[in-house]
Amino acid sequence: MNRIDKAFADLKGQNKPAFIPFLTIGDPDLRTSIDIIKQLEQSGASMVELGVPYSDPLADGPVIQRSSGRALKNNQISIKDCIEAARQARSEGCELPFILFTYYNPVLQLGLDKIFGLLQESDISGMIIPDLPMEEDAEMRMLAEQHGIHLIPLVAPTSNERIKRIVSRASGFVYCVSSLGVTGTRSQFHSGIDEFLDTVKQSTTLPIAVGFGISTNEQFARFAKVCDGVVVGSALVRQVEDVLPLFEKEATRSQALIQIDQFVRNLIQ
Ligand SMILES: O=P(O)(O)OC[C@@H](O)[C@@H](O)c1c[nH]c2ccccc12
């Protein structure tokens, strides 16, 4: 059974929402990213989006853009490095379902014929490609299905017709984007978000997760009531940015992880 499906099934049995953090892999370096992934599991994450840093992250706000910039500047992190980091975290005992989060270009560079084999070998259970147009996703969906990997679609509060078409081809879960625009913490969400989430729920039997802009316990709790999962990226990436100086010295690395732990626990409690 795909780890993502098992995670949602287990959480449903406990009547708990999935907490799905996003992390830019390689910011500040691969070893630290693996340590953060393991910390996120301890802190209560249900699965994790492994963000492949990209030079042109059009859908990202300033926090994740800075994070991608650091990862690329410091270490030239490639999509293969991110897949290797997942494999390493798994070999160090992390049981979280991994979702490779990447723009389409790095996938094309690596080659569609190669990537799914690599994901399968590294026990990566899903992939999200925010700029993969639905009109071009047929080959990706076929290859993903052949390899037992969920290609998780993003659906934004747009036309109901488009929502139904996107959701009808979904696998794993449906990622509902809470607001139009780019990633980044927000104090308010799309005005029709509750109707939007209801439309998605009525269009699928898959779990639905919501993301974009969530950074507080109150926001997490609000969405946890109406969705099966909540995605948090920028707020966590900002935490990592804030503790980067602590990661630079061996003696203070554990303090950095404690601060990330406290951020997560306060967010999802
Ligand atoms: O950063 P936010 O506002 O918490 O949103 C989640 C987001 O970071 C993550 O899912 C993501 C990172 N980059 C993206 C690009 C498009 C859609 C989603 C994403």
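Atoms within a ligand are numbered from 1 in the order they appear, just like the ligands themselves.
Between the side chains of Q88 and E92, at least one donor N or O sits under 3.5 Å from an acceptor N or O. Between the side chains of T185 and S215, not a single donor N or O lies within less than 3.5 Å of an accepting N or O. One side chain, S78 or D81, offers a donor N or O that lies under 3.5 Å from an acceptor on the other.
Among Y175, Y54, F101, Y103, the residue whose heavy atom lies nearest to atom 10 (O) of ligand 1 is Y175.
By the criterion of a heavy-atom distance under 4.0 Å, the side chain of L154, and not its backbone, is placed next to ligand 1. Contacts between I128 and ligand 1 below 4.0 angstrom, taking non-hydrogen atoms only, are absent altogether. For F22, every heavy-atom contact with ligand 1 shorter than 4.0 Å involves the side chain, none the backbone.
The hydrophobic cluster containing L72 does not contain I83, counting ILVMFWY residues as joined when their side-chain heavy atoms lie under 4.5 angstrom apart, directly or transitively. A single hydrophobic cluster is seen to contain both V210 and L236, as judged by linkage of ILVMFWY side chains at heavy-atom distances under 4.5 Å, directly or through other members.
When hydrogens are left out, the protein atom nearest atom 17 (C) of ligand 1 is F212 CE1, 3.2 Å; that is the closest non-hydrogen contact. In this structure, the protein non-hydrogen atom closest to atom 3 (O) of ligand 1 is G213 N, 2.6 Å. Annotation: atom 4 (O) of ligand 1 to nearest protein heavy atom, G233 N, 2.8 Å. Nearest non-hydrogen protein atom to atom 9 (C) of ligand 1 is E49 OE1, 3.5 Å. The shortest contact between atom 12 (C) of ligand 1 and any protein heavy atom is with D60 OD1, 3.4 Å. For atom 1 (O) of ligand 1, the nearest non-hydrogen atom of the protein is S234 OG, 2.5 Å. Here the protein heavy atom with the shortest distance to atom 8 (O) of ligand 1 is I64 CD1, 3.2 Å.
At least one side-chain heavy atom of L267 sits less than 4.5 Å from a side-chain heavy atom of F19. With contacts defined as side-chain heavy-atom distances shorter than 4.5 Å, the pair L110/K80 qualifies.
Of the charged side-chain nitrogens involved, none lies within less than 4.0 Å of a carboxylate oxygen, so that E41 and K38 do not count as a salt-bridged pair. Salt bridge annotation for D123-R3: present, with a cationic side-chain nitrogen under 4.0 angstrom from a carboxylate oxygen. The residues R169 and E135 are annotated as not salt-bridged, no charged nitrogen and carboxylate oxygen being separated by less than 4.0 angstrom.
The N/O atoms of G184, backbone and side chain alike, include one that comes under 3.5 Å of an N/O atom in ligand 1.
Close approach of ligand 1 to V232 is summarised as follows: ligand atoms under 4.0 Å from at least one heavy atom of the residue are 4 (O). Short contacts between ligand 1 and P130, defined as distances under 4.0 Å to a heavy atom of the residue, involve ligand atoms 16 (C). Of all atoms in ligand 1, numbered sequentially from 1 with element shown, those under 4.0 Å from a heavy atom of A59 are 15 (C), 16 (C).
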